[in-house]
Amino acid sequence: MIAALLTGGKSSRMGKEKATLIYRNETTEVQRLFALLQTHSEDTILCHREDQDHGLPFVTDPGEGPLSAIHALQQAYPHDAILVLACDLPLLEDIDIRYLLEQRDRSKDATSYISRHDQRPETLCTIYEASSSTMVEQAIKADSYCPRDVLAKLNIKLIETLKPTSLMNANTPAERLEVLSHLNNTRVQKTIQLRYFAQLQEQAGIAAETLTTSALTPAGLYEELCQKYNFTHKQRSLMVAINENFSTWEHELAEGDEVVFIPPVAGG
Amino acid sequence: MNFSIQSTNLCPDELRKACLDQTSGGFTSFEGWVRNHHEGQAVESLEYSCYEELALKEGERIISDALERFSIVHAKCAHRVGHLQIGDMAVYVAVSAAHRDAAFEACRYIIDEIKHRVPIWKKEHYVDGSTAWPHCEACAKGIKHSH
């Protein structure tokens, strides 16, 4: 089986290339995850854009998103199953890959984890069997670049992650801080006052509450609340206020803070 | 206090009077009204709400910014909250200045910034019974633009 690490993303929300971020042991994530995959497959490669260089063998990613990378890999290895892994999974460890491989069902088109976030299949910690390539090819030809749509059409085996945080990813500096707090065991419980306005008030069904959380930043707290209330707003469309002042998403929450998530405003 | 939020009818005359000044040769004002249609849908009423503590601070900051950026003498703004009917005044901006150009520019600046930055929301009630929370897509994405 081929193991491929996707490092072709543009990391625009992080502002730095996610593959080269360092979370542990002075090792970049691309080095760490590549080495991890190598322990499971001799045929481990990267998949990234032509203009990138990590000093490791790679298949060229056309740069049209992760599905185009998967497609390029399947073109390069048409008869192989491919374990596809994203490079922005800093809490992913050997045990998670080993479990995925143990659970692999070769009679299906793919084996993947279920997202704890929305109960849909994860697409980038997934074994794609060779039989999945027809559907991938069709989607690319139809200019449909969403890997989740493709997985929804495939016959796949879904498994639960071993830890709630196994597949936590970090797309923004605030999410990176949340990940680091998990890694360094620096998460502490605190009591936060929340007030809700406009649509968030309607969706939460309450105007205010007191909440105990171990989230480090408002970004982590909003993520937690999204799971509780199914908020429809993406974090990036909101602003956040702490103690009656606008704040950044990376701001560290303190005991007793009052936090307000501000949906798109519409005065006038 | 140059920015206020009110749950009762706005009083434009009072704000206009507060802008009177012997050094001013020009006055401009802007009134925002509740209109009976939005993107082709018949509107019955608008329900405004706000995060008052922060809205007041941000509104004051906008007026302070305007007083610094433009050669104006006074600037005032009041915004309504609550359930408004068609034709009601939702926002009023008043600016006086020595010369008209600065008054026009500052008035435009203030209303644009109010729409972008102040935590005030409106829920639209349509004639067909449905509701929505309209907002500017570009604002939501943080893109700088004018309305």
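No experiment lies behind these values; they were computed from the predicted model shown. A note on names: the letters A, B, ... follow the listed sequences, proteins ahead of strands, and every chain is numbered from 1.
- Within the 4.5 angstrom heavy-atom criterion, no atom of A:Gln201 approaches chain B.
- Here the two rings, on A:Phe261 and A:His233, have centers that are 6.0 Å apart or farther.
- For the side-chain hydrogen bond (donor to acceptor under 3.5 Å, both in side chains) with B:Ser45, the lone residue among B:Gln85, B:His125, B:His83 that qualifies is B:His83.
- Near-neighbour residues of residues 92-101 of chain B relative to chain A, defined by a heavy atom under 4.5 Å from a heavy atom of that chain, are none.
- A salt bridge is defined here as a Lys NZ or Arg NE, NH1 or NH2 lying under 4.0 Å from an Asp or Glu carboxylate O, and B:Arg61 with B:Glu58 meets this definition.
- With a 4.5 angstrom heavy-atom cutoff, B:Cys50 touches chain A only via backbone atoms.
- Under the 4.0 Å criterion applied to side-chain N and carboxylate O atoms, A:Glu137 and A:Lys141 are assigned as salt-bridge partners.
- When heavy atoms are compared at a cutoff of 4.5 Å, B:Tyr51 approaches chain A by way of both its backbone and its side chain.
- Of the two parts of B:Lys123, only the side chain, counted from C-beta on, holds a non-hydrogen atom closer than 4.5 Å to a non-hydrogen atom of chain A.
- Salt-bridge check for A:Arg176 with A:Glu250: failed, with every basic side-chain N at 4.0 Å or more from each acidic carboxylate O.
- We find that A:Asp88 and A:Arg13 are not joined by a salt bridge, their nearest charged nitrogen and carboxylate oxygen being 4.0 Å or further apart.
- The 12-atom threshold is exceeded at NZ of A:Lys228, counting heavy atoms of other residues, nucleotides or ligands nearer than 6.0 Å.
- Highest contact tally toward chain A, considering only B:Gly32, B:Cys77, B:Pro119, is held by B:Pro119 [criterion: heavy-atom pairs under 4.5 Å].
- A:Glu29 and A:Lys18 are not joined by a salt bridge, as no carboxylate oxygen comes within less than 4.0 angstrom of a charged side-chain nitrogen.
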